[in-house]
Trainee: 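The structure follows.
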Amino acid sequence: MADGAHVESGVEVIFTADQIAVRLDELARDVAARKLDQLLVVAVLKGSFVFAADLIRALHRIGLAPEVDFLTLSSYRKSRTSSGRVEILRDLDLDVTGRNVLIVDDVLDSGRTLAFAKDLISARGAASVTTCVLLDKQTRRAVDVKADLHAFLCPEVFVVGYGMDVAHRYRELPFVGRVTGE
Ligand code: 5GP
Ligand code: MG
């Protein structure tokens with residue numbers, strides 16, 4: 001596998017860079033089909049930074065010119081399990097009032113982070129809020145929230161790579177994998 005050259009020992013590939021690239025172009029077409037005027041992409045940091053960077057370039061390839069802002073939220077902190085509370089670590093710079101917002105996040109798990117981001121942006125008067133996640137762990141929801149778009153359904157494992165970390169490691173991997181500890 002092409003990704004094999006990059007595999008760190010102890011990380012097993014779940015979604016390859018090639019699989020991700022295919023889905024990015026499909027997602028961009030799905031976003032374009034929604035005809036969201038003056039689109040504002042809000043990337044939920046930190047985990048979505050690689051996905052968001054690739055998605056906005058896929059949007060560009062099909063002729064969209066989104067504005068981009070960043071919202072840093074925390075729920076997991078240093079642990080692998082959700083604390084149940086979501087905090088704003090760094091807020092948006094832009095005013096979302098009247099905007100069509102596409103929230104981009106890495107993993108939809110308990111749903112608390114995405115629900116928090118959606119509620120925040122809706123409450124600030126966005127014209128519409130659409131959600132797009134890289135990975136949807138559909139079986140683990142604690143709050144009732146759905147992603148409008150997802151790249152992949154994800155098994156109930158802790159994933160790393162493609163922007164996602166465990167204890168600040170593995171964000172640089174070009175694929176999504178799981179730590180096997182070997
Ligand atoms: P939720 O609030 O839906 O429980 O969790 C969402 C956030 O937790 C995601 O945005 C992501 O940052 C983090 N998260 C959830 N599952 C994983 C995982 O398997 N790996 C990593 N690295 N982060 C995860
Ligand atoms: Mg996240």
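We count ligands from 1, going down the list as the structure has it; atoms in each ligand are counted the same way.
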Trainee: Tell me the contacting part of K46 for ligand 1: side chain, backbone, both, or neither, using a 4.0 Å heavy-atom threshold, strictly below.
Mentor: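 It is neither part, as no heavy atom is under 4.0 Å.
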Trainee: Looking only at heavy atoms, is any part of V86 under 4.0 Å from ligand 1, and if so is it the side chain, the backbone, or both, or is it neither?
Mentor: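 The answer is neither; V86 stays 4.0 Å or more away.
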Trainee: Do any nitrogen or oxygen atoms of V159 come within less than 3.5 Å of a nitrogen or oxygen of ligand 1?
Mentor: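 Between V159 and ligand 1, an N or O pair is found under 3.5 Å apart.
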Trainee: Excluding waters, which protein N, O or S atoms are within less than 2.8 Å of the Mg ion (ligand 2)?
Mentor: D105 OD1, D106 OD1
Trainee: Residues in side chain to side chain contact (heavy atoms under 4.5 Å, CB included) with A21, at least two apart?
Mentor: none
Trainee: Could you report the tightest heavy-atom contact between T131 and A147, atom names first, then the distance?
Mentor: OG1-CA, 3.3 Å
Trainee: Within the structure, does F158 bring an N/O atom to less than 3.5 angstrom of an N/O atom in ligand 1?
Mentor: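 There is no such contact.
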Trainee: Would you please name every residue forming a side chain to side chain donor-acceptor pair (under 3.5 Å) with E67, sequence neighbours left out?
Mentor: R99
Trainee: Below 4.0 Å from any atom of ligand 1, is there a heavy atom belonging to V160?
Mentor: no
Trainee: Using heavy-atom distances only, which candidate in V145, T113, V44 approaches atom 7 (C) of ligand 1 most closely?
Mentor: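 Looking at heavy atoms only, T113 sits closest to atom 7 (C) of ligand 1.
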Trainee: Atom CG of D25 and atom CZ of R57: how far apart are they, to the nearest 0.5 Å?
Mentor: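 If I round to the nearest 0.5 Å, the distance is 12.0 Å.
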Trainee: Mark yes or no for whether R171, through its side chain, and V50, through its backbone, hold a donor-acceptor pair below 3.5 Å.
Mentor: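 No; zero donor-acceptor contacts below 3.5 Å.
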Trainee: Below 4.0 Å, non-hydrogen atoms only: which portion of D105 touches ligand 1? Side chain, backbone, both or neither.
Mentor: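 Within the 4.0 Å criterion, D105 contacts ligand 1 through side-chain atoms alone.
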Trainee: Side-chain donor-acceptor pairs under 3.5 Å in residues 34-48, sequence neighbours left out?
Mentor:
from: S48; atom 1: OG; to: V44; atom 2: N; distance (Å): 3.3
from: S48; atom 1: OG; to: V44; atom 2: O; distance (Å): 2.7
from: S48; atom 1: OG; to: V104; atom 2: O; distance (Å): 3.4

Trainee: Check whether the side chains of D18 and T16 place a donor and an acceptor atom closer than 3.5 Å, and report yes or no.
Mentor: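 No pair is found: no donor N or O on one side chain lies under 3.5 Å from an acceptor on the other.
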Trainee: Spell out, as yes or no, whether a donor-acceptor pair under 3.5 Å connects the side chain of R178 to the backbone of V157.
Mentor: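 No.
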Trainee: Applying a strict 4.0 Å limit to heavy atoms, is D165 in contact with ligand 1?
Mentor: yes
Trainee: Output yes when a side-chain donor or acceptor of R23 lies under 3.5 Å from a complementary backbone atom of L27, and no otherwise.
Mentor: no
